[in-house]
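As the structure lists them, so they are numbered: ligands from 1, and atoms in each ligand from 1.
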Amino acid sequence: MKNCIFCKILTGEIPSEKIYEDQKTYVFLDASPIAIGHMLVIPKKHYETMDEMDPKTANAVIKTTQKIGRTILKFNKGYNVNQNNKPTAGQVVPHVHYHLIPRNNNDDLKFSWKNIKFDKKYFQETKTKIQKFLK
Ligand code: AMP
Ligand code: ZN
């Protein structure tokens, strides 16, 4: 895809710190890490959001994400997988990517997550609304 930073990384037009690649996926260090070893897993085929991926690509991306997750756990206590879709959700690069963020005790990383209190009506109405759109 023309003008896509990550497609340019895949062709070598833009340099990257490659960690791993296979036929369908590529893994490299995030250039502005929020933790030591912060990596990005991407499909070699260009898709904007994760819901668009064809099943074979989606399987390959999950398989690689698991492989990298297992690797992270060999020398870290845990990891987060973060995946943003569309600018509203914080997606800056419009090529599907999974952030893998190694975690350790007292690493001072905080993801803001504020729970909202709702009554029973919310759960009923929301369930009905979402299911109406399910295909
Ligand atoms: P997101 O906000 O989910 O779209 O995240 C995009 C990520 O891509 C950010 O964490 C950036 O630091 C990272 N990034 C952008 N350009 C590059 C690059 N050329 N090499 C490595 N990481 C990059
Ligand atoms: Zn791309």
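- In this structure a side-chain-to-backbone donor-acceptor pair under 3.5 Å is missing from Asn76 to Gly78.
- Between Gly90 and ligand 1 there is a heavy-atom distance shorter than 4.0 Å.
- Look at Ile34 and you'll find every heavy atom at least 4.0 Å from all atoms of ligand 1.
- Looking only at distances, no side-chain donor or acceptor of Asp107 sits under 3.5 Å from a matching main-chain atom of Arg103.
- Among the heteroatoms counted here (N, O or S) of His95, ND1 is the one nearest to the Zn ion (ligand 2).
- The closest donor-acceptor contact from the side chain of Thr64 to the backbone of Val61 lies at 3.5 Å or more, if one exists at all.
- Separating the CE atom in Met53 from the CE atom in Met50 is a distance of 5.5 Å, to the nearest 0.5 Å.
- Note on ring orientation: taking the six-membered ring where Trp is involved, the planes of His99 and His38 are tilted (angle from 30° to 60°).
- In the displayed structure, Ile36 atom CD1 is contacted under 6.0 Å by at most 12 heavy atoms of other residues, nucleotides or ligands.
- With hydrogens and angles ignored, the 3.5 Å screen pairs no side-chain donor or acceptor of Asn80 with any backbone N or O of Asn82.
- Here is the list of ligand 1 atoms found below 4.0 Å of a heavy atom in Val93: 4 (O), 6 (C).
- At the Zn ion (ligand 2), the angle from SG in Cys7 to ND1 in His46 is 110° when rounded to 10°.
- Listed by number with element, the atoms of ligand 1 under 4.0 angstrom from any heavy atom of Val92 are 1 (P), 2 (O), 4 (O).
- Protein heavy atom in closest approach to atom 22 (N) of ligand 1: Ala31 N, 3.1 Å.
- Judged by the shortest distance from any of its heavy atoms, His97 lies inside the 4.0 Å radius around the atoms of ligand 1.
- Ligand 1 lies out of reach of Glu17, whose nearest heavy atom is not under 4.0 Å from it.
- Checked for salt-bridge contact, Lys44 and Asp22 miss the test: no charged N lies under 4.0 Å from a carboxylate O.
- Here the protein heavy atom with the shortest distance to atom 9 (C) of ligand 1 is Asp30 OD2, 3.4 Å.
- Near Phe6, meaning under 4.0 Å from one of its heavy atoms, ligand 1 places the atoms 8 (O).
- For the pair Glu125 (side chain) and Lys120 (backbone), a donor-acceptor distance under 3.5 Å is absent.
- Counting the atoms of ligand 1 from 1 in the order shown, those under 4.0 Å from a heavy atom of Leu29 are 21 (C).
- The closest approach between any non-hydrogen atom of Asn82 and ligand 1 is not below 4.0 Å.
- Close contacts between ligand 1 and Asn84 involve ligand atoms 1 (P), 2 (O), 3 (O) [criterion: under 4.0 Å to a heavy atom].
- When only interatomic distances are considered, the shortest N/O to N/O separation between Phe28 and ligand 1 does not fall below 3.5 Å.
- The two residues His46 and His95 have their closest heavy-atom pair at ND1-ND1, 3.2 Å.
- Among protein heavy atoms, the minimum distance from atom 19 (N) of ligand 1 is reached at Ile9 CD1, 3.8 Å.
- The shortest heavy-atom contact between Leu100 and Gly69 is CD2-N, 3.8 Å.
- Contact atoms of ligand 1 toward His99: 1 (P), 3 (O), 5 (O), 7 (C), 10 (O) (distance under 4.0 Å to a heavy atom of the residue).
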